[in-house]
Amino acid sequence: QVQLVESGGGLVQAGDSLRLSCAASGRTFSSWFVAWFRQAPGKEREFVAAINWTGANTRYADSVKGRFTISRDNAWNTVYLQMNSLKPEDTAVYYCAATKKQWFSSSLQNYENWGQGTQVTVSS
């Protein structure tokens, strides 16, 4: 198991940038695949981005491709989500999730560990 804590959310204007952080406990975190999901009010939780254990491979939802970048620093047990050119439709609670499965998945069911989430609000 690993404990995940997200931070970095806030209220910004359209076009601004934010960087979310996901800090993890546990010495084996570097071997876990990690993803970001988000959930807007009244909507289902959706996949945003994922990164493999080395950080060399990533996946993105089409809606954020080219604007968001996921990265990780295993020395600090932290995964980041750099969000640029934010839009009002990016408004949501953003969750960090981790899995020991060694393949990419956009399905919530494949992630065993979740953080509590951090709110991102983008005003127009």
Side-chain angles (χ1 to χ4, degrees):
Q1 292 293 319
V2 63
Q3 283 72 50
L4 305 172
V5 178
E6 303 95 334
S7 62
L11 172 62
V12 297
Q13 294 186 330
D16 285 351
S17 298
L18 273 179
R19 188 177 79 160
L20 305 183
S21 298
C22 172
S25 63
R27 292 177 295 174
T28 62
F29 179 68
S30 60
S31 64
W32 294 59
F33 274 50
V34 179
W36 287 94
F37 289 79
R38 66 186 182 186
Q39 188 166 18
K43 295 188 177 181
E44 294 186 349
R45 195 169 298 188
E46 65 176 6
F47 171 78
V48 175
I51 191 166
N52 75 330
W53 69 275
T54 66
N57 294 302
T58 57
R59 298 289 188 273
Y60 296 93
D62 288 343
S63 59
V64 306
K65 204 171 292 184
R67 299 188 299 123
F68 290 11
T69 303
I70 188 171
S71 62
R72 69 190 297 164
D73 186 339
N74 287 334
W76 291 95
N77 277 4
T78 304
V79 172
Y80 304 98
L81 184 67
Q82 178 67 42
M83 307 186 294
N84 298 329
S85 302
L86 282 162
K87 304 175 181 179
E89 50 263 44
D90 294 318
T91 295
V93 177
Y94 282 71
Y95 297 90
C96 177
T99 179
K100 284 188 173 181
K101 299 179 179 68
Q102 296 297 298
W103 64 82
F104 284 104
S105 173
S106 61
S107 174
L108 282 71
Q109 290 76 11
N110 285 326
Y111 291 85
E112 305 92 83
N113 296 273
W114 291 83
Q116 294 300 306
T118 184
Q119 176 71 47
V120 172
T121 303
V122 184
S123 64
S124 58

**Request:** Return the minimal non-hydrogen interatomic distance between Ser124 and Ala14, and the atom names on each side.
**Result:** CA-CB, 4.4 Å

**Prompt:** Once you round to the nearest 0.5 Å, how far does CZ of Arg45 lie from CG of Leu108?
**Reply:** 6.0 Å

**Asked** Any sub-3.5 Å donor-acceptor pair from Arg67's side-chain atoms to Ser85's backbone N or O?
**Response** yes

**Request:** State, yes or no, whether a side-chain contact exists between Asn84 and Ser17 at a heavy-atom distance under 4.5 Å.
**Result:** yes

**Message:** Enumerate the ring pair (Phe, Tyr, Trp, His ring centres under 6.0 Å) contacts for residues 94-124, please, sequence neighbours excluded, ordered by first and then second residue.
**Reply:** Phe33-Phe104, Phe37-Tyr111, Phe37-Trp114

**Request:** Give the minimum heavy-atom separation between Leu18 and Gly10, together with the two atoms involved.
**Result:** CD1-N, 4.0 Å

**In one Ile/Leu/Val/Met/Phe/Trp/Tyr side-chain cluster, 4.5 Å: Met83, Tyr80** = no

**Asked** So among Leu20, Thr91, Asp90, which one has a side chain to side chain contact (heavy atoms under 4.5 Å, CB included) with Arg38?
**Response** Asp90

**Request:** Please report the closest heavy-atom contact between Ala98 and Val2, naming both atoms and the distance.
**Result:** CB-CG1, 4.2 Å

**Asked** Excluding sequence neighbours, so at least two apart, what forms side-chain contact (heavy atoms from CB on, under 4.5 Å) with Thr58?
**Response** Ile51, Tyr60, Ile70

**Prompt:** Just wondering, are more than 12 heavy atoms of other shown residues or ligands nearer than 6.0 Å to NZ in Lys100?
**Reply:** no

**Request:** List the atom of Val48, the atom of Val64, and the distance in Å for their closest heavy-atom pair.
**Result:** O-CG2, 3.5 Å

**Message:** Contact between Val122 and Lys87 at the side-chain level, heavy atoms closer than 4.5 Å - yes or no?
**Reply:** no

**Message:** Quick check for you: to the nearest 0.5 Å, what is the distance between Ser31 atom OG and Asn52 atom CG?
**Reply:** 11.5 Å

**Prompt:** When you check the side-chain N and O atoms of Thr69 and Gln82, is any donor under 3.5 Å from an acceptor?
**Reply:** no

**Message:** Working to the nearest 0.5 angstrom, can you tell me the gap between Gln102 CD and Trp32 CH2?
**Reply:** 10.0 Å

**Prompt:** Would you find a donor on one side and an acceptor on the other, under 3.5 Å apart, between the side chain of Glu6 and the backbone of Gln116?
**Reply:** yes

**Inter-residue atom distance Asn77.CG - Gln3.CD, 0.5 Å rounding** = 11.5 Å

**Message:** For Lys65, give me all partners under salt bridge (Lys or Arg N to Asp or Glu O under 4.0 Å), at least two apart in sequence or on another chain.
**Reply:** Asp62

**Asked** side-chain contact (heavy atoms from CB on, under 4.5 Å) between Val34 and Cys96: does it pass, once the steps are laid out?
**Response** CA-CA 7 Å; Val34 179; Cys96 177; 3.8 Å; yes

**Prompt:** Can you tell me how far the CZ atom of Arg72 sits from the OG1 atom of Thr54, to the nearest 0.5 Å?
**Reply:** 8.0 Å

**Asked** Does a side chain donor of either Ser123 or Gln13 reach within less than 3.5 Å of an acceptor in the other side chain?
**Response** no

**Request:** Measure the spacing between CZ of Phe47 and CG of Asn110 and express it to the nearest 0.5 Å.
**Result:** 11.5 Å

